[in-house]
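Structure first, commentary second.
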Amino acid sequence: MSTRQQNWGEDRVMFYDAQGRLRSLPASWTDVNEADLFSQVAAGRSFSRPDDLSALASLIDRIKRRQEE
């Protein structure tokens, strides 16, 4: 049995593992959503979307600038 809900500010899938412990994963890590266009075109060849990589690069730049101050 599994359920889907908003936890910690994101869409998550809740389920019980083989030992009966409640677990959760971001819904984006599962196949509960219909694949978006990027995922369909990437066909499993890319884990990260270009916009997510761009956001990560911006975050890294901000962290570096703070460290230099």
Side-chain angles (χ1 to χ4, degrees):
M1 182 175 121
S2 66
T3 188
R4 186 175 177 176
Q5 61 188 42
Q6 290 285 321
N7 278 354
W8 304 296
E10 66 182 348
D11 188 18
R12 297 187 70 88
V13 174
M14 313 291 279
F15 63 96
Y16 290 97
D17 67 13
Q19 289 76 35
R21 294 176 293 203
L22 183 62
R23 302 290 187 173
S24 75
L25 294 171
S28 62
W29 292 6
T30 71
D31 61 358
V32 297
N33 293 329
E34 182 176 323
D36 62 9
L37 183 58
F38 174 81
S39 298
Q40 291 174 9
V41 172
R45 294 182 301 257
S46 178
F47 181 74
S48 300
R49 301 164 196 265
D51 56 336
D52 292 337
L53 293 174
S54 178
L56 177 60
S58 296
L59 178 60
I60 291 169
D61 285 343
R62 284 198 319 257
I63 291 169
K64 284 181 178 178
R65 276 187 258 128
R66 284 184 190 162
Q67 290 175 343
E68 294 171 354
E69 292 178 352

Inset, instruction - Please tell me if the side chains of V13 and W29 come closer than 4.5 Å, counting only heavy atoms from C-beta onward. - result: no
Legend entry - Point-to-point distance, once rounded to the nearest 0.5 Å, from CD of Q6 to CZ of R12: 10.5 Å
Legend entry - S58 side chain to S54 backbone, donor-acceptor under 3.5 Å: yes
Inset, instruction - List in chain and number order the residues that pass side-chain hydrogen bond (donor to acceptor under 3.5 Å, both in side chains) with R21, two or more places apart in sequence or in another chain; answer none if no residue qualifies. - result: D17, Q19
Inset, instruction - Find the distance between OG (S46) and CG (L53) and round it off to the nearest 0.5 Å. - result: 7.0 Å
Legend entry - Set of side-chain hydrogen bond (donor to acceptor under 3.5 Å, both in side chains) partners for D11, sequence neighbours left out: R4
